[in-house]
Each structure stands twice: as structure tokens, then as C-alpha cells.
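Computed from heavy atoms alone, side chains included, the values below leave out hydrogens, waters and symmetry copies. Predicted model only: the values in this text are computed from it and were never measured. Throughout, a chain's letter reflects where its sequence line sits, starting with A, and its residues are numbered from 1.
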Amino acid sequence: MTPEERQAFEEELYTFVGRPLHPEPKRSYDAVNEAMIRHWAEVMGDKNPAYTNAEWAASSRRGELIAPPAMMYAWNQEGYAVAAEGRPSDGLSDLVAYFDQHGFTGSLGTNVDQEFFAEAKIGDALFEDAIIEEISEQKVTARGRGYFLQTLAKFTNQSGELIGTQRFRVFKFIPPEAPPKAAASGASEELEVPTRIHAPRGQDNGWWWDACDEGKVLIQRCKNCQTLRHPPRPMCGECQSTDWDSVQSTLDGEIFSFVEMHYPKFPGYKYPLIVAVISLAEGTRIISNVVGIDSQDVKIGMKVKGKVEQVDEKTMLPQFYPVEA
Amino acid sequence: MDYQTLKYADVSVGDKLAALDIDISSSLISCGALATRDFEPCHHVPKVAQDMGLPDVFMNILTSQALMARFVTDWSGPEAVMKALKVKLGAPNVPGMVMTVTGEVSEKDDDNRVVTVNVTGENNIWGMHMEGSVSVQLL
Amino acid sequence: MSICDKTAIVGIANTEFSKNSGRSELQLAAEATRDALADAGLKPSDVDGMTTFTMDNTDEIELARAVGIGDLRFYSRVPHGGGAATGLIHQAVMAVASGMAECIVCYRSLNGRSGHRYSSGVSGPLLTADAIHWGWYTPYGLMTPASWVAMYSQRYMHLTEQCQEAMFEIAHVQREYAAKNPAALFYEQPFTLDDYENAKRIVSPLKLLDCCLESDGGSAVIITTAERAKDLKHKPVAIKGVGQAAAANMESMTSFYRPEIAAIPSMDIAAREAYQQSGLTPDDIDAAVIYDAFTPIVLWQLESWGFCESYKAPQFVLDGALRSDGRLPTNTHGGQLSEAYIHGVNGIVEAAKLVRGSSVNQPAKHIENVLVTSGVGVPTGGALLGSL
Ligand SMILES: [Zn+2]
């Protein structure tokens, strides 16, 4: 975009500020009702009796059920038509189309701020009156170059009482290159699910990890003096022989020491994450994870049994479980 | 069942809420979207989400808001009146993740008996999914 | 004083030369070392020092473990590529002539044709023994300094009493020192037991206030002859003894394969060396600057330097030993937990101040000799400083 083009673009862009999303306040499709609240409360795991327990509500300070405040925006959402036919046009979709035409196809919801002034009751109808409140100046962020736009929606009930407001902030930007389709919310730059960090495989250790990939934990053994050693290394420290083979561990072990990782957390790892030094029955030690147990129950001296498992899409590792006493 | 609601005087700035781990499943994402009347296909059709560059369907904003609100009202009790819910969005929640929600009382408004709890929801793969605050009026 | 005729080369070896050795650089170094020792008629256990290039990909301790070499008390690397070659001799001669070590392997191995070719310039990844070493831990998520130290700490807690209380005492005493040290990042910022207990968990059993700072800064000290020191501005701070060591069966931060891991054998050796050189004993040491990346490592070093018996450091600390009026005022600048983390060199500065009598928290008693130590978990060391 040349400076002239940008100026022309912005001139029209800022005329969107103040425009309403709907020609007149949009009425909720249904009145606030117990069925939709119950559905919501079940999914969210919200057992608040103020939403679903009529008997409790009758004796509460409110004297009746209320709708969950966090549902405020839900009542006025477009229904199944969005999936079947796409989003209907409104004041916001005109602005989004204008952005898209000029290359600002990226879309990222960044903030939703709600304030509540009264509680919605069963039977209330909610009216949404929304405008495009603000469009920022052009910004450059980690996502790319673009503009923050903010809508302000006011929700009132059938008596004109203000229930609450919602400010929704979206970043519209030019995606770096090969733009994926616009994301409705929180799209990440990370396109691949991260996996655990792998050991680099070289001449001294690659064979061990190759066996691990096949489900086996091997222990290196000196061919000359039969001494076992782990981690693998190219020469026997006892007799200086470079000839070696290996034995397969039974993965019977005992916890020698352990830690629980809290901070920082690394992508690709599942927390809680316990890492232990395990003394194997063969006499060598191995560092591995202890799983299938709460961290407060892990003790030094505890017997464990390992098996090689696929811990993520790309990683096979031994994992140790407590042995029932 | 006996429901308790916190008294304003019993809460102090710095009080921590018990952390909550939420398993992010396909069901939670899809059913959460429908329960909030969000029928955008990216929340229930994996292929649509994948075309957007994500591994699977991802959580809609209203579900994140609901989980943050619930986290605080579980703590405050049912007579608390919610005054504000402010959410900053981070990385998406997709199936298979675990989101750990934590919170700490950050502000007290004596005139209105309103406490504000700062809340963070971090998933175990991509980190911060949501952070913000919930303000509730206590007894 | 000249090094002429003080030292000699007694064993030599090369591996075969090829375009593709078919084995690791570590193995090539191990074979050359083994064969040079055999040429000399020496055993791996006779070796107590190593020198090589900073560019070499094989860690001294990885080589020592491969060949079956035991405790090392000297190691040194020389920078600048091929310019280092006779630098290996330079380092070894100084060490042997001064008695710092007796038998040194100077080594270098390269897969310079089949591996990273110098003709490719400074491009491409390197597969080093060090990278392979970390690969035994990273897949399981054990990949921060706190996590490695926590592993030893858990074991130490298992074998001792009141370790947790002693960890708080260390962190707390040092913060009290820092609160009175205007140069400290935590100047005028004391903390309480509540703060300590409620701090963020980093890697259990370590919490935030058990961990050192991460800070920007620089530290330096100047060393010259005792004769010249007498003519300069300040009271000279003599180096009475200095030890450096890598005990047998060592890994960098992850020596989890020794019979017991709740101790620092490398520091035991460094202490023995420094005491021997100086003729001092633990009773002669009046104050200390003990490397404190994490609180528990202070406990183990107190044992290594003989201030208390093995596994008794928690009681020693809880008796108030580290305080200004205690047996061994320690980390009087606030340490790396509370002054700043400059990799222990700000500690050397503080130790020198204690001998000069100019610490911001100078104890009331007379300070004749001060201990200062290096980081542990890795090959480590310590020095005894005192009045000239
Ligand atoms: Zn052998």
C-alpha cells in the first residue's frame, strides 16, 4: 500500500466508527429460559444453584433464578443458520469485508470485557444495541500489520433496564504470507502440536534410541569384562575395551530420587511432570518419568515398573508406574 | 445441599483460589459452542478448523468466558453478584490439552463490597489461553 | 623461576587417520588417550589433568568416564582453533610444574572429514558429546538447572533432618545481608517465612526463593605477585590455596549414577587440594562466600569444606553459623540469591572485601582467612584467601 493508498483506505475506514451493527436493537430469539441455562450449566460444569435450582433460588436473597451473567451474549447469537448458510450481514460484516478487500484478512479476537448492571431473570427478553466503537491507528504486532477494532454492545431487558455491556476487541491484520483463512478467535502461529525434545542421535547413543523406538530399553555391556554401563559410551571404563553388546532391561526398578517440574513449563510436555532417577534391577540407573501416581505419593525407595510407551505423536519413551505393594 | 457465600470482610487481597484443571475434550469444545449458541463450524467440524491451520476444533470465546466465570463463582458462592468479566485471549484450547485455571484476589472495593479476582487459564501445550479478571459483589 | 626441564612428554599416540573414522569423536579421543597411556606405561587412574581446545567437542569429563580416568584436579582449554596446539603444552607445563596436577592428557580429536568440515565454514549443526549427554534428560522434561539440583536436593532431604528449615535460613540470612547492601538487587527488600513458603514452586522441592537471581552485570579481579601487591593501594589479599576438581564418574549437572548423590565429591577434592596448599584447616576459616545458585548447594559445600560432618550441615546452619555473629559469616553481600548472579565472580570480589575489612556487612570479629567457591554439579573449585 502506497502512502496515498493508505490515506484513502483510512479515510473511508474511520467512517465506520459509530455505525450500528443492526438497524435497530436486536431481540433475543428466545426469552431467558431454564432449558438453555441448564444446557449451558451442564456443559460448563457450573453447579451454581442460582442458575438451576429453583427451590434454592426461591429462598435466596434474589428470590428467583437468574441467568448466568457469562451467557449474556449467547441469547442474541445467530443460530444454526451460521453453520448452514454462513454469517448474515450486519454493520460489522461490512467492515470486515472492507478490511478483507484491502488484504487485512487476518482476524484475531483479543479481548472481551463485560460489565454487569442487573441480573437477567427467567422470562426476560434481551435487546442488543451494538456499534463499532473504535478503530485504532495502524499497528505492527507479532501477527502482522493491522488495526484493532472494538465493538460496544449494550444489553437491555424488555423494560429498558440495562443488564450489561460488552466490549469486543479484534485485530484485523495482513497475515505474513500464504494467509490461512481468517480465524474467528485466538488463532495461533503454532501450527504443529509440539512434541518432547528428542535426543540427537550419534554414533555412541543412536542404537539405544533406535531400540527405544522399537519398545526396548537396552543396557550396554562390555564384551570383554561383562560390565554394564549406562548412559552408553564408546569405551569400557573398567578394561578400556571398545567391544560391546547389550542386554534388554526388565525395567524393574526403584526410585532413587525424583523431582516435580513446575516452572517454567515447556511445550510438548504433560504436567504434572515427575522425573526420577531409577535404580534398575540390572544395577544401572536410568532417568525417566514416573506416571500414574500423584506427586505427593511418590517416595524414595518406591518400587516401579517401566514400559516403553508412545508419549506423543513422535516420541517413544520408557515410563515408570508404581508397583502395587 | 448447603451453599456458602463468602463475606466481603473474610476476603483479603492476595488470597489464592484453588487451582482447577479442565480437560479440554472435543465434546467440551463442541457442546460448549452450542450451549452458547455459537454455530460457527470451526468449533464443531475438525476439517474447518484444520483449514484455518489448527490441529482440531478449538474452544469458542463464550466457553472460555463461562469457565472463567464459573471458576470464580465456585469460590465466591451463589449469592455473589457478578459485576464484571474481562478476558484477554491467548493461544487456542484444542482437544487433548489440559487447561489449569488459577486465581488470586487483586482488589477490594470497600464502598461496593466488590472483590476482583485475577484469573489465568494456561493450557499445557501452548501456554496462556486466557487471562483477565472477574469482579463479584460479596455479602 | 623457569619451567625449563621441569616437565616431560612420556606417552604419545594417534588413532589411524581416515576420511571416515566410522565412530564418534569421543571414541577417537578415548582410543588416543588409552594408547598414549599404554605407550607411557601408565594407567587411566594415574591421570589427574586434561587440556584441550575450546573448539573440541569432547568434554573432559565425558572422556574421563569413557576411559576410566578417575578424579581430575586440573583442566584447561585454549581458544583460537589451531593456534591452541602448543597451548595445550603451555597449560599442562604450568599445572605440573606448580604441583597443581601430576599427569596430564593433552588431547584433540576430529571427525574433520566425515563430520563437520572446516571447509564448510561456520555453518551447520554440530553433534557433540555434550548434546548427546543432554539428550538423556530433555525427553523426560528434566532440562533446567533447578531441576538438576532439585534431584540431588530430594535425595539429601531424604537422608537428613531439618533440611527445609535450613534452606529457609540460608535464603533468609542472605536476604538480610542484601537488604543492607546498597549494591544488591534486593537492597531494602527483606522477606518473611510466609513469603518463602508461599512463593511459586519452581521444581519441587525447590521454590522461588531457593533460586538465585538472573541478573546483568560484570565482575573482575586483578592478580599479581605478592611482592608487587605490597606496593599497591589496598591491603593485599593473598591466595593461600586454590583447588579445581572433577571427581570420577562425572556428568555436567547430572551425575546421577554414583552410589550416593547427596554430596559433592568434586568439591571434596578441591577442598583437600586448597587446604593442603595453604596449610590451613577448617578452623582457620573465619568467613565464606559459598556459591549459591540454589539454597541446598550451600549445605553440601559446608560439608565438603569440613565445617561440619556429612549430612549435618542443616544443624550447623540452624545454629546461626552463617549470620554476622555466627561461626562462619557466609555470603555477606547477599550472595547470588540476593545480591546478583554474576557466575560467582561477584563472590570473589566479596571474599576479597572480607579480607580487606571492607564488606558492607563486615562481621565484628577479625577476619583472617576467607573461603570462596565455584558452582557445583559441574566440575568445580574453591579458593582460600587471606592476609598476606
Ligand atoms: Zn570392560
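- In this structure, A:Phe173 and A:Phe171 have parallel ring planes: the angle between them is below the 30° cut-off, well short of the 60° mark.
- Using a 4.5 Å cut-off between heavy atoms, A:Glu119 contacts chain B through its side chain alone, with no backbone atom that close.
- Looking at A:Gln310, its side chain does come within 3.5 Å of a backbone N or O of A:Glu313 through a donor-acceptor pair.
- Interface residues of residues 67-83 of chain B toward chain A, defined by a heavy-atom distance below 4.5 Å and sorted by number: B:Leu67, B:Ala69, B:Arg70, B:Thr73, B:Asp74, B:Pro78, B:Glu79, B:Ala80, B:Val81, B:Met82, B:Lys83.
- Within the 3.5 Å criterion, the main-chain N or O of A:Ser136 finds no donor-acceptor partner in the side chain of A:Lys139.
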Q: Just do the side-chain contact (heavy atoms from CB on, under 4.5 Å) check on B:Val11 and B:Leu138 with the steps written out, would you?
A: CA-CA 9 Å; B:Val11 174; B:Leu138 300 180; 3.7 Å; yes
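- With a threshold of 4.5 angstrom between heavy atoms, A:Thr110 approaches chain B through N, CA, C or O but not through any side-chain atom.
- Comparing A:Arg61, A:Met36, A:Glu115 by heavy-atom pairs within less than 4.5 Å of chain B, the highest count is held by A:Arg61.
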Q. Can B:Ser106 and B:Asn118 be said to form a side-chain hydrogen bond (donor to acceptor under 3.5 Å, both in side chains), step by step?
A. CA-CA 6 Å; B:Ser106 63; B:Asn118 283 351; 3.2 Å; yes
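- Looking at A:Tyr29, the atoms closer than 4.5 Å to chain B (heavy atoms on both sides) all sit in the side chain, from C-beta outward.
- Listed options A:Ala57, A:Ser60, A:Gly164, A:Ala84 were ranked by heavy-atom pairs under 4.5 angstrom with chain B; first place goes to A:Ser60.
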(Q) Between B:His43 and B:Ser30, does the side-chain hydrogen bond (donor to acceptor under 3.5 Å, both in side chains) criterion hold? Intermediate values first, please. (A) CA-CA 6 Å; B:His43 304 309; B:Ser30 300; over 6 Å; no
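- Other residues, nucleotides and ligands contribute at most 12 non-hydrogen atoms within 6.0 Å of the NZ atom of A:Lys270.
- Only the side chain of B:Leu139 comes within contact range of chain A, with heavy atoms under 4.5 Å apart.
- Only the side chain of A:Asn48 comes within contact range of chain B, with heavy atoms under 4.5 Å apart.
- Between chain B and the options A:Lys47, A:Gln114, A:Lys265, A:Met71, the largest number of non-hydrogen pairs under 4.5 Å is found for A:Gln114.
- Options A:Met72, A:Glu42, A:Arg167, A:Arg87 differ in how many heavy-atom pairs under 4.5 Å they form with chain B, and the most are formed by A:Arg87.
- In this structure a side-chain-to-backbone donor-acceptor pair under 3.5 Å is present from B:Arg37 to A:Gln77.
- For a residue to count as touching a neighbouring chain, one of its non-hydrogen atoms must lie under 4.5 Å from one of that chain's; by this rule B:Val98 does not touch chain A.
- A salt bridge is defined here as a Lys NZ or Arg NE, NH1 or NH2 lying under 4.0 Å from an Asp or Glu carboxylate O, and A:Arg169 with A:Glu134 meets this definition.
- Contact tally against chain B (heavy-atom pairs below 4.5 Å) for A:Ala83, A:Pro68, A:Ala50: the top residue is A:Ala83.
- Ion pairing of A:Asp100 with A:Lys172 is present here, as a side-chain N (NZ or NE/NH1/NH2) and a carboxylate O approach within less than 4.0 Å.
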Q) Step by step, would you call A:Asn289 with A:Gln319 a side-chain hydrogen bond (donor to acceptor under 3.5 Å, both in side chains)? A) CA-CA 5 Å; A:Asn289 299 121; A:Gln319 301 282 286; 3.0 Å; yes
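- Contact annotation for A:Pro69: only side-chain heavy atoms (C-beta onward) come within less than 4.5 Å of a heavy atom of chain B.
- Note on B:Asn124, B:Val94, B:Asp21, B:Thr36: by heavy-atom pairs under 4.5 Å with chain A, the leading option is B:Thr36.
- Residue A:Gln166 touches chain B through its side chain alone, counting heavy-atom pairs closer than 4.5 Å.
- Contact annotation for B:His129: neither backbone nor side-chain heavy atoms come within less than 4.5 Å of a heavy atom of chain A.
- With hydrogens and angles ignored, the 3.5 Å screen pairs no side-chain donor or acceptor of A:Asn76 with any backbone N or O of A:Tyr73.
- Looking only at heavy-atom pairs under 4.5 Å with chain B, the residue among A:Phe116, A:Tyr271, A:Phe266, A:Tyr269 that has the most is A:Phe116.
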Q: Using the ring pair (Phe, Tyr, Trp, His ring centres under 6.0 Å) rule, take A:Phe104 and A:Tyr147 through it: C-alpha gap first, then chi angles, then the decisive distance, then the call.
A: CA-CA 9 Å; A:Phe104 295 89; A:Tyr147 299 82; 5.4 Å; yes
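- In terms of heavy-atom pairs under 4.5 Å with chain A, the best-connected choice from B:Ile22, B:Thr100, B:Thr63, B:Asn123 is B:Thr63.
- For the pair A:Leu152 and A:Thr165, the minimum side-chain heavy-atom distance is below 4.5 Å.
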